[in-house]
Amino acid sequence: MIRLQNIEKVYRTDTIETLALNSISLDVAKGEFLSIMGPSGCGKSTLLNIMGLLDTPSKGDIRISDQKTDHLSDKQLAQFRNQKLGFIFQSYHLINDLQVLDNVELPLLYRNTTAKERKELATEALAKVGLSNRIKHFPTQLSGGQRQRVAIARAIVGRPEIILADEPTGNLDSAMGNEIMDILINLNRNEGTTIVMVTHDENMAHKTHRLVRLFDGSQVQ
Amino acid sequence: MLKNYFKIAIAVLRRRKFFTFISLFGISLTLTVLMVLAAFIEKVTNPVYPGDKNSRSLYIKRLTYTSKKGWINSGGSSFYFLTHYAGSLKTRVKMAIVSSNTSSNAYVNNKKIVIDMKYTNADLWNIANYQFIEGKPFTPDQINKADRVAVISERTRNEYFGDAVTVVGKYIEADNISYRITGVIKNVPEIEEVFYANMFLPYTVAKSDYRNKDFWGDYSAILLAPSEQLVTKMHTEYEQMVTRIPIPDNMKKDFDTLHSDADTYFETFTRGFFGNADNAGYARFLLFMSLFVLLFMLLPTVNLVNVNITRIMERSSEIGVRKAFGASSKTLVYQFITENIILTILGGIIGVILTIIILQVINSSGFIPDLDLTINPVVLLYSLLACLFFGLLSGVYPAWRMSRLNVVTALKAQ
């Protein structure tokens with residue numbers, strides 16, 4: 001589903017060159033739930049951003065659903081992300097000015113969907129994460145766990161093949177974290193969604209199919 | 001999509017109320033000033049009452065002598081000059097000759113009343129469409145006989161005799177002379193200098209001798225062409241005739257050229273402020289007004305650009321999320337410009353409401369008596385278009401900057 005070959009990411013300033021990712025090669029199979037672990041600053045999030053086409057590698061090749069992505073224009077990249085990928089962030093990144101329903105509808109705005117379809121799909125996604133009774137609330141009126149569930153609903157509303165989650169339980173207590181993890185596991189099992197998750201939590205990582213460890217930008221496991 | 005943009009635009013406006021206030025204040029105040037100014041200019045330069053034949057009329061006001069040494073001497077025209085020269089034009093059908101106003105004080109029940117008097121010939125009543133509340137104008141016969149007759153304004157009637165009193169046939173005293181009233185007209189605003197007076201009298205009763213053969217005097221003329229199409233011909237005929245007028249002997253020593261122009265009503269103003277004896281100042285007026293409007297609108301635009309850039313930084317997380325979930329840079333530019341247009345249109349609507357209120361206040365304040373300023377629909381349309389244009393202008397640069405934000409950097413900014 002996702003194939004990374006010899007991915008390198010170098011950050012350059014006038015005086016210094018930092019190697020954030022060093023020759024990473026990784027295959028993620030369709031329907032797999034993969035977790036990435038490693039100490040802070042080892043390049044986990046950078047790797048996830050590259051997989052999500054939010055960032056570009058300095059070197060190497062990325063294929064998603066057997067499609068090369070390095071030649072895509074800004075518009076094509078946007079379309080590709082919209083159709084294939086869903087994102088979950090540690091700090092949720094909900095738009096506080098919009099109600100829960102409008103937040104969840106967001107990915108559908110960039111597709112040819114009617115307002116009615118958007119509402120139906122968003123309501124359905126919110127039902128899957130158990131937030132049907134909060135659609136008119138604003139994000140600031142919700143708890144951390146509820147906000148992350150809204151973020152999951154937003155990630156799945158467009159029915160993407162891949163979900164990329166960057167420390168989705170990082171800001172939550174263990175009970176809330178487990179709840180979120182259960183939603184992701186069910187999503188993977190029931191819908192067959194491929195999930196790549198960056199985490200610091202060994203317990204969460206062990207619930208996934210496979211664990212990849214990074215250290216100083218290199219894959220060590 | 002638009003509904004979503006609208007929701008977010010309103011939410012952003014509500015989020016930072018002070019910024020919103022500054023932006024809306026800038027836009028609406030600018031538009032208000034421009035629309036009030038436009039209403040004023042329109043009223044001054046296009047008198048609907050009583051000058052309803054303006055499109056067929058030309059005005060002769062100033063008479064100027066110039067010399068090659070650079071000397072300029074300017075004044076009004078004499079009754080003799082106007083009748084003798086302008087009166088000989090073949091194209092015109094009528095010519096009203098009116099003096100500038102002289103003020104006279106009258107006392108009624110120990111209360112001082114100021115009466116602005118104007119001397120005129122009979123054609124004023126044919127060229128200008130004064131509305132008579134009672135009575136009628138004085139006749140050519142009364143003028144020829146130098147009868148002491150007067151047409152007064154409604155305001156003077158009310159102040160001198162009291163409201164709603166029939167006054168035709170009664171006498172009114174000004175400068176210790178009694179005049180018999182033949183008619184009462186609806187008030188004319190003071191800013192319509194050529195048409196305005198509280199009391200109109202036959203030129204034959206004026207203290208200054210209208211037969212004096214000096215070219216300089218206290219009079220202006222309104223020439224009426226047979227049709228709108230013949231106005232240009234009448235203008236050319238007058239222009240050519242003026243070149244043939246001999247300079248009076250007493251002026252020959254100091255001056256070598258005589259200038260007198262037949263201007264449109266609008267040009268009488270532009271010549272006064274932006275022109276000279278040779279130039280009606282129309283082009284300069286347009287240039288000045290364009291620059292004024294541009295600079296005046298540029299201020300809120302620059303302010304908006306600034307405010308918008310500041311707001312972008314607050315919204316970088318939203319930009320990152322939108323990009324991550326499929327918004328292209330172009331879509332984001334479109335969204336941000338739409339939001340900005342919503343803001344400027346909101347400012348425009350407030351501006352229109354403010355203008356209506358301010359015009360109402362000016363009209364009812366009596367600051368300029370009998371002035372009835374209204375919003376011109378064309379000016380309103382242009383103002384809203386300008387609003388839209390500057391909304392676009394102030395949104396494009398911030399939108400472009402916003403769309404170029406890197407997704408990862410934008411997401412980290414929160």
Side-chain angles (χ1 to χ4, degrees), chain A residues 9 11 20 45-46 48-50 52-56 72-99 101-115 118-119 138-140 151 154-158 160 164 166, chain B residues 1-17 19-20 308 310-340 342-343 346 399-414:
Chain A
K9 181 70 182 177
Y11 291 107
S45 294
T46 306
L48 199 75
N49 288 337
I50 286 173
L53 309 178
L54 302 178
D55 204 352
T56 48
L72 297 178
S73 66
D74 175 73
K75 193 180 167 187
Q76 288 168 325
L77 269 177
Q79 213 169 13
F80 193 89
R81 282 196 293 261
N82 182 260
Q83 299 289 335
K84 303 261 180 199
L85 307 169
F87 297 91
I88 301 166
F89 306 101
Q90 182 182 0
S91 49
Y92 329 122
H93 284 305
L94 299 175
I95 300 172
N96 289 334
D97 293 317
L98 294 178
Q99 289 176 346
L101 189 73
D102 293 321
N103 264 289
V104 176
E105 280 185 12
L106 188 97
L108 306 175
L109 285 177
Y110 306 112
R111 294 182 186 185
N112 284 331
T113 49
T114 62
R118 285 200 295 273
K119 193 173 177 185
F138 285 92
T140 47
R154 180 179 61 186
I156 63 173
V157 72
L164 302 169
D166 192 356
Chain B
M1 186 80 107
L2 270 176
K3 194 179 157 194
N4 191 278
Y5 290 172
F6 190 77
K7 272 186 191 173
I8 199 98
I10 298 298
V12 170
L13 293 184
R14 288 171 64 181
R15 194 198 305 155
R16 296 297 295 266
K17 291 189 176 66
F19 272 161
T20 305
N308 286 339
T310 313
R311 282 182 165 173
I312 286 172
M313 296 310 140
E314 291 174 359
R315 296 175 65 184
S316 53
S317 158
E318 179 195 332
I319 296 156
V321 168
R322 285 186 185 272
K323 279 195 160 188
F325 282 99
S328 64
S329 298
K330 201 171 139 190
T331 314
L332 287 173
V333 168
Y334 175 61
Q335 176 195 337
F336 199 70
I337 290 175
T338 309
E339 283 180 23
N340 215 47
I342 290 170
L343 176 76
L346 210 60
W400 176 78
R401 268 190 62 168
M402 177 177 83
S403 70
R404 286 176 63 87
L405 272 177
N406 175 281
V407 191
V408 177
T409 318
L411 286 170
K412 275 183 186 162
Q414 194 179 47

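So you know, we letter chains A, B, ... as the sequences are listed, proteins then strands, and number each from 1.
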(request) Of all the heavy-atom pairs spanning A324(B) and F89(A), show the shortest one and how long it is. (result) CB-CZ, 4.3 Å
(message) Show the nearest heavy-atom pair for residues P107(A) and F325(B), with the distance to one decimal.
(response) CG-CD2, 3.5 Å
(message) Under the rule for salt bridge (charged side-chain N to carboxylate O under 4.0 Å, His left out), what residues qualify as partners of E318(B), not counting sequence neighbours?
(response) R315(B), R322(B)
(request) Only counting residues at least two apart or in another chain, list the ones meeting salt bridge (charged side-chain N to carboxylate O under 4.0 Å, His left out) with K9(A). (result) D55(A)
(request) Using non-hydrogen atoms and a 4.5 Å limit, figure out which bit of L106(A) sits close to chain B: side chain, backbone, both or neither. (result) side chain
(request) To the nearest 0.5 Å, tell me how far L411(B) CG sits from N49(A) CG. (result) 7.5 Å
(request) Enumerate by number any residue of residues 73-82 of chain A whose heavy atoms lie under 4.5 Å from heavy atoms of chain B; in the absence of such residues, state 'none'. (result) D74(A), K75(A), A78(A), R81(A), N82(A)
(message) Suppose we screen for side-chain contact (heavy atoms from CB on, under 4.5 Å). Which residues come up paired with V333(B), at least two apart in sequence or across chains?
(response) I337(B), A399(B), S403(B)
(request) May I ask you to check whether over 12 heavy atoms, not counting those of R111(A), lie within 6.0 Å of atom CZ? (result) yes
